[in-house]
Amino acid sequence: MKRIEKLVSFLLAVAMLLAMVACTAPDVNSTPATEAAPAEAATPAAEAAPAAEEAKPEKVMIEPVEIEFWHALPESQGGTLITDICKEFSETNEYGITVKDVFCADFYAGIARDLQAAIAAGIYPGVTMIGYQYLNYFDQNFPQITSVSQLLEKYPEENAWVEENFTDRTLALTKSLKGNIVGLPYCASQAILYYNKDMFRTAGLDPENPPKTVDEMYDAAMAITKATGEYGIYLGYPLDTFVQETMLRSNGGSLYEMDGDKLKVTFNSPEGVEVWSKFQKFYTDKLSVPMTFEEGMSAFIAGKFGMTLNTCARINMISTNAAFDLGTTKFPSFSPDKELKSCVAGNMIAVIAENENKERAAWEFVKYLFSVENAAAIVMKTGYVPTVKDLESRSPELVESFKNNPYIQPALDSFGTSAISWTSWPGENGLQVSQVLIDMKDEIITSDVDVKTLLDKTAATIEGMLN
Amino acid sequence: MKTKQIAQGTGKKRLRLPFKLRKRLLALLYLCPAAVIFLTFMGWPVAYSGYLSLYSWNMVTPNKNFVGLKNYIEIFKDAEFIKALGNTVIYVAILLIFNFVLPYIISFVLKHVIKRGVDVYRSLMFFPSLLSGAVAAIVFMWLYNPLIGPLPSICHLFGWNTPNILSTKYYVIVGISLITAWRCFGYNMIVFMAAVVEVPIELIEAARLEHASNRRIFWSIIRPLTSSTALYVFIITFVFGLSYMFVPIKMLTGGGPSQASTNLIYIAYQYGFQYFRVGRAAAVGIVSLIVFMAIVVVQKRIEKKVHYEN
């Protein structure tokens, strides 16, 4: 009896497993199937192309299609504008392309996570935002993305549009270690120093002469703490090392260098130790306190910090909510004799489509997104700086907007003269390396650990992970 | 014999299974719907995770590389994983105090000790269970804010220095646990109350006549007679508690500072969806499963001593 029972149970289990395997097998290796899709789907477009050329050689043929634009901008930071742009494009484009905007929570990490899951399920959005820090990871691990370099090779006639709208300098922001231009630079932000002029006055500091070097920033923080009893500065970004990298690069250091195929970690150089030690001093001297980003921003707005190093993308939010006399200035250089090198945060726009028709539709939308009106609109709505060539001279509204927004000027100056790419770690462990650095930063600011020892230990860990 | 004769008499051969076998087959048939759902949503993912844990893959590249047990070996070498394992034990210990011991005692107090305002207390305590994890996390983020939050302001009135809960090692685990405990407390208390109410009132009254203290009544009458419910709440404290931890960790600390607030569930998410190392994430998942299986084995042992009314 028991044997029959066992047999029936076993057969049931086997039947279930077989059914599952049959159902899920195509999903498991979805990429070959979706790789095949472009060839199949390309046929009608390829057939249609010569006919179109005969009639109107310059006109691109695109079948009506629906694509999605995945972005990470919440409503308070330009999200509603993205919705409007998608709607307007869908209603006005001549090809019958419909673009649906899809907001991915959790910023660029959220987009990367959602893209990974979507691609595994064989879903390709069409157009997506990608954070600059993901540049090399996406270039090396997401073959489904059609890079701008590939697009320009396929459609050489588009070179003129790219040259008209981007400079080599801005395109360098999206150029991977392999030399591919993965996407087009869309939102670009600079870390700037926000400061509370009222607290400056209380501390006997000149609010019209804010700190220009990291040492001056330290002295100002000390004066504010002594005079007001509040913390001198909130050094933001708990979930990345954007601020610290800007200091490191401004002091002549770097995170890593490539020696042929081998990666050498360099942030534990004497310049690196100097930067991280100075950074730690803000905490050990009680001029700053570790806090989550939301806590820190709320506290700065409530007048509990004298200064904060933060992204210019928050200008509108901070200036609207701060109940004190707010000032902004460029990120302080590391020392008077060294130039500021300011890492650029933000995102690029990339095409990820499963067939040629969708690819062309996606590219048409990308061009619309970067039109003078729309590129200017996102800058005015957020606080990001323009990435499109000569945008200020092409958009009178933008010039007017800058005149009415005194806070953005330091970010514009910084982007114009000091901007450099934010380091993106290569390799399949590249994203985990970013977390290792964040953990190292946490250790430095929450303890009195010896900086040099910790930097050496972390550098060895990272080299082990990447080589 | 009789069956055989009837079959021969009618000229048809009918196969009649023995009664016991028929009963068992029928039972299996009834189990099928639940078994299908269980195998689809639990069995298959577990089996597939076991398979993926033997590969190095990021979910988007076409090829998976077979690496054998390397993922398991590497996670045990990884200090981050060991920290997550240790933190998980601490989280569970805190949850057992706030979501098992405390609601157990309070349910007894509400039923047999306090006479007035029981409904009000019960409603107030159950209310947080209705909130989502995200809302609870945001509420506590404001409460904990070391510079403008109400909790530090109250502490300052007494001249106490409040620690920066979400950014300080050790405190952060307590801070995150309290958010989850606040949410789960009400549900567990209601479950306990349902069991406490079932305890015959005559037993309690007889004990009171004998001048037994409340502590004695709880320990010698309530505890043994509600042990089956206690076992259930004990298990859900582990299972629900740890999964409810995910949202506040994700929203408030990202596992930091320096991985001080991570746990097995969050680290599996990080490996899978932040670092795109699916094989390692699956290996962490399988190890977590084994840890929970060990708890189930303990449960089975305890179950023998548990009182079931029927």
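Bear in mind the structure is a predicted one, so any value in this text is a computation, not a measurement. These values consider heavy atoms only, across backbone and side chains, with no hydrogens, waters or symmetry-generated copies.
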Next on the checklist: Within the 4.5 Å heavy-atom criterion, are A:Val289 and B:Asn164 side-chain neighbours or not?
Outcome noted: yes

Checklist entry - Which pair of non-hydrogen atoms, one from B:Leu166 and one from A:Thr292, has the smallest distance, and what is that distance? => result CB-CG2, 4.2 Å

Checklist entry - Given the rule in the side chain to side chain contact (heavy atoms under 4.5 Å, CB included) test, do B:Val60 and A:Gln144 qualify, once you have shown the distances and angles that lead to the verdict? => result CA-CA 8 Å; B:Val60 290; A:Gln144 295 83 358; 4.1 Å; yes

Next on the checklist: What residues of residues 81-90 of chain B make heavy-atom contacts with chain A at a cutoff under 4.5 angstrom?
Outcome noted: none

Item to check | Interface moiety of B:Tyr269 toward chain A, non-hydrogen atoms closer than 4.5 Å | outcome: side chain

Checklist entry - Residues two or more places apart in sequence or in another chain: which of them pass salt bridge (charged side-chain N to carboxylate O under 4.0 Å, His left out) with A:Glu428? => result none

Item to check | Under 4.5 Å from any heavy atom of chain A - which part of B:Leu31 | outcome: neither

Item to check | Proximity breakdown for A:Ser298 and chain B, heavy-atom pairs closer than 4.5 Å | outcome: both

Checklist entry - Is it true that the side chains of A:Gln432 and B:Arg277 contain a donor and an acceptor less than 3.5 Å apart? => result yes

Item to check | Top of B:Glu80, B:Lys250, B:Met251 for chain A proximity - count of heavy-atom pairs under 4.5 angstrom | outcome: B:Lys250

Next on the checklist: Measuring from atom OG of B:Ser258 to atom CD of A:Glu443, what distance do you get when rounded to the nearest 0.5 angstrom?
Outcome noted: 4.0 Å

Checklist outcome for this item: Okay, B:Thr253 and chain A: the region with an atom under 4.5 Å from a heavy atom over there is backbone

Checklist entry - Would one find more than 12 heavy atoms of other residues, nucleotides or ligands at under 6.0 Å from atom OH of B:Tyr170? => result no

Checklist entry - Do you know which two heavy atoms are closest between B:Pro257 and A:Thr446, and how far apart they sit? => result CB-CG2, 4.4 Å

Checklist entry - Which bit of A:Ala112 is near chain B, if near means a heavy-atom gap under 4.5 Å: side chain, backbone, both or neither? => result both

Checklist entry - Given side chains that start at C-beta, do those of B:Leu147 and A:Phe300 come closer than 4.5 Å, heavy atoms only? => result no

Checklist entry - So with a 6.0 Å cut-off around CZ of B:Phe66, is the heavy-atom count from everything else above 12? => result yes

Next on the checklist: Can you tell me which of B:Gly43, B:Pro146, B:Gly254 forms the most heavy-atom pairs within a distance under 4.5 Å of chain A?
Outcome noted: B:Pro146

Checklist entry - Any salt bridge between A:Asp442 and B:Lys169, counting N to O under 4.0 Å? => result no

Next on the checklist: Is it true that, when you exclude A:Tyr283 itself, more than 12 heavy atoms of the residues, nucleotides or ligands shown sit nearer than 6.0 Å to its OH?
Outcome noted: yes

Next on the checklist: Sort by residue number and list every residue of residues 457-464 of chain A having at least one heavy atom under 4.5 Å from chain B.
Outcome noted: none

Checklist entry - So which part of A:Asp106 gets closer than 4.5 Å to some heavy atom of chain B, the side chain, the backbone, both or neither? => result side chain

Checklist entry - Which one of A:Glu230, A:Met440, A:Gln435 has the most heavy-atom pairs closer than 4.5 Å to chain B? => result A:Gln435

Checklist entry - Do you know which of B:Met141, B:Gln274, B:Gln259, B:Gln270 has the most heavy-atom pairs with chain A at a distance under 4.5 angstrom? => result B:Gln259

Next on the checklist: What verdict does the side-chain hydrogen bond (donor to acceptor under 3.5 Å, both in side chains) test give for A:Glu295 and B:Asn145, after you've listed the backbone C-alpha separation in whole Å, the side-chain angles of each residue and the deciding distance to 0.1 Å?
Outcome noted: CA-CA 6 Å; A:Glu295 284 178 333; B:Asn145 191 310; 5.2 Å; no

Checklist entry - In chain order, what residues pass the side chain to side chain donor-acceptor pair (under 3.5 Å) check against A:Thr453, with sequence neighbours excluded? => result A:Asp450

Checklist entry - Are the side chains of B:Phe276 and A:Leu431 in touch, meaning some heavy atoms are under 4.5 Å apart? => result yes

